[in-house]
Colleague: 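Quick one: the structure is below, questions incoming.
Chain naming here is simple, since letters A, B, ... match the order of the sequence lines and numbering starts at 1 in each.
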Amino acid sequence: MGPKPGVVSIGQVARATGLSERQIRYYERKGIVRPERTPGGHRVFRPEEVERLKALAAWLHRGYTLAEAEARLSETRPERRLEELPARDAVFRPDPASLYPLRGHDPILRRIRERDGDG
DNA sequence: TTTCTGACA
DNA sequence: TGTCAGCA
């Protein structure tokens, strides 16, 4: 039988949040989430952790940096549906990357990033 | 098959 | 952050 009720694997969390497993592991390192571990060392996420990552992902998917998304985590209320969170573009400057369907080595984008001091 | 850690691009 | 190696 499965482990505990509501507990999910990193793969399931990745699919539920749209985040990569790589990102989730990195966020654990940063202390943003503390999943439990199975005797075998595999991460197991409780429902609260999944919701926390969904909220974080919601901010990230709207253009916020990890630091900004993490900061806004404490002010993300349940009554405020994640789909309604304001996009970063509406608060700060436009995200150059969203203006072009290009990858990440475009010379023009490079200039813009250097100008904005974005990494 | 899935996840884990470490490491490189 | 993506991705690969080598395990469990």
Colleague: When the distance from CD of E21(A) to P of dG2(C) is rounded to whole Å, what number comes out?
Modeller: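 It is 11 Å, rounded to the nearest whole Å.
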
Colleague: Taking side chain to side chain donor-acceptor pair (under 3.5 Å) as the test, write out the residues that go with S20(A), two or more places apart.
Modeller: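 Once residues adjacent in sequence are excluded, the partners of S20(A) under the side chain to side chain donor-acceptor pair (under 3.5 Å) criterion are Q23(A).
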
Colleague: Is E70(A) reaching over with its side chain to a backbone N or O of A67(A), donor-acceptor style, under 3.5 angstrom?
Modeller: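 A pair under 3.5 Å: no.
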
Colleague: Closest heavy-atom contact between V13(A) and L53(A)?
Modeller: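 Reported closest heavy-atom pair: CG1-CD1, 3.6 Å.
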
Colleague: Just so I know, are the side chains of I32(A) and L66(A) near enough to count as touching, which here means a heavy-atom distance under 4.5 Å?
Modeller: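 Contact flag for I32(A)/L66(A) side chains = yes.
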
Colleague: Can you run down the salt bridge (Lys or Arg N to Asp or Glu O under 4.0 Å) pairs that involve residues 12-22 of chain A, sequence neighbours left out, and say none if there aren't any?
Modeller: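 Residue pairs passing salt bridge (Lys or Arg N to Asp or Glu O under 4.0 Å), neighbours aside: E21(A)-R25(A).
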
Colleague: So what does the secondary structure string of DNA chain B come out as, 5' to 3', with Watson-Crick or wobble pairs under 3.5 angstrom, [ ] for crossing and | for pairs with another strand?
Modeller: .|.||||||

Colleague: The criterion is side chain to side chain donor-acceptor pair (under 3.5 Å); which residues satisfy it with R46(A), sequence neighbours excluded?
Modeller: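 Listed in chain order: E48(A).
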
Colleague: Show each protein N/O and nucleotides 5-7 of chain B N/O combination with a separation under 3.5 Å, one pair to a line.
Modeller:
unit_1: dT5(B); atom_1: OP1; unit_2: R37(A); atom_2: NH1; d: 3.1
unit_1: dT5(B); atom_1: OP1; unit_2: R37(A); atom_2: NH2; d: 3.2
unit_1: dT5(B); atom_1: OP2; unit_2: R43(A); atom_2: NH1; d: 3.0
unit_1: dT5(B); atom_1: OP2; unit_2: R43(A); atom_2: NH2; d: 2.7

Colleague: From CD1 of I24(A) over to P of dT3(B), roughly how many Å is that when rounded to an integer?
Modeller: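 About 10 Å, once rounded to whole Å.
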
Colleague: At what distance, to the nearest 0.5 angstrom, does CG of L60(A) lie from CG of L85(A)?
Modeller: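 So the gap between those two atoms works out to 11.0 Å.
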
Colleague: Look up atom CH2 in W59(A) and atom CD in E68(A), then write down how far apart they are to the nearest 0.5 Å.
Modeller: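 If we round to the nearest 0.5 Å, W59(A):CH2 and E68(A):CD are 10.0 Å apart.
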
Colleague: Figure out the OH/P separation between Y26(A) and dT3(B), and round it to whole Å.
Modeller: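 Result: 22 Å.
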
Colleague: For residues 10-20 of chain A, which residues have at least one heavy atom under 4.0 Å from DNA chain B?
Modeller: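 Within this stretch, I10(A), G11(A) sit under 4.0 Å of the strand.
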
Colleague: By nearest nucleotide on DNA chain C, pick out whichever of H42(A) and L66(A) is the more 5' one.
Modeller: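 The 5'-side residue here is L66(A).
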
Colleague: Can you name the salt bridge (Lys or Arg N to Asp or Glu O under 4.0 Å) partners of R52(A), sequence neighbours left out?
Modeller: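 Once residues adjacent in sequence are excluded, R52(A) has no partner under the salt bridge (Lys or Arg N to Asp or Glu O under 4.0 Å) criterion.
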
Colleague: For residues 34-43 of chain A, which residue pairs pass the side-chain hydrogen bond (donor to acceptor under 3.5 Å, both in side chains) check, not counting sequence neighbours?
Modeller: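 As it turns out, the side-chain hydrogen bond (donor to acceptor under 3.5 Å, both in side chains) pairs with a partner in residues 34-43 of chain A, which skip direct neighbours, are E28(A)-R37(A), E28(A)-R43(A).
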
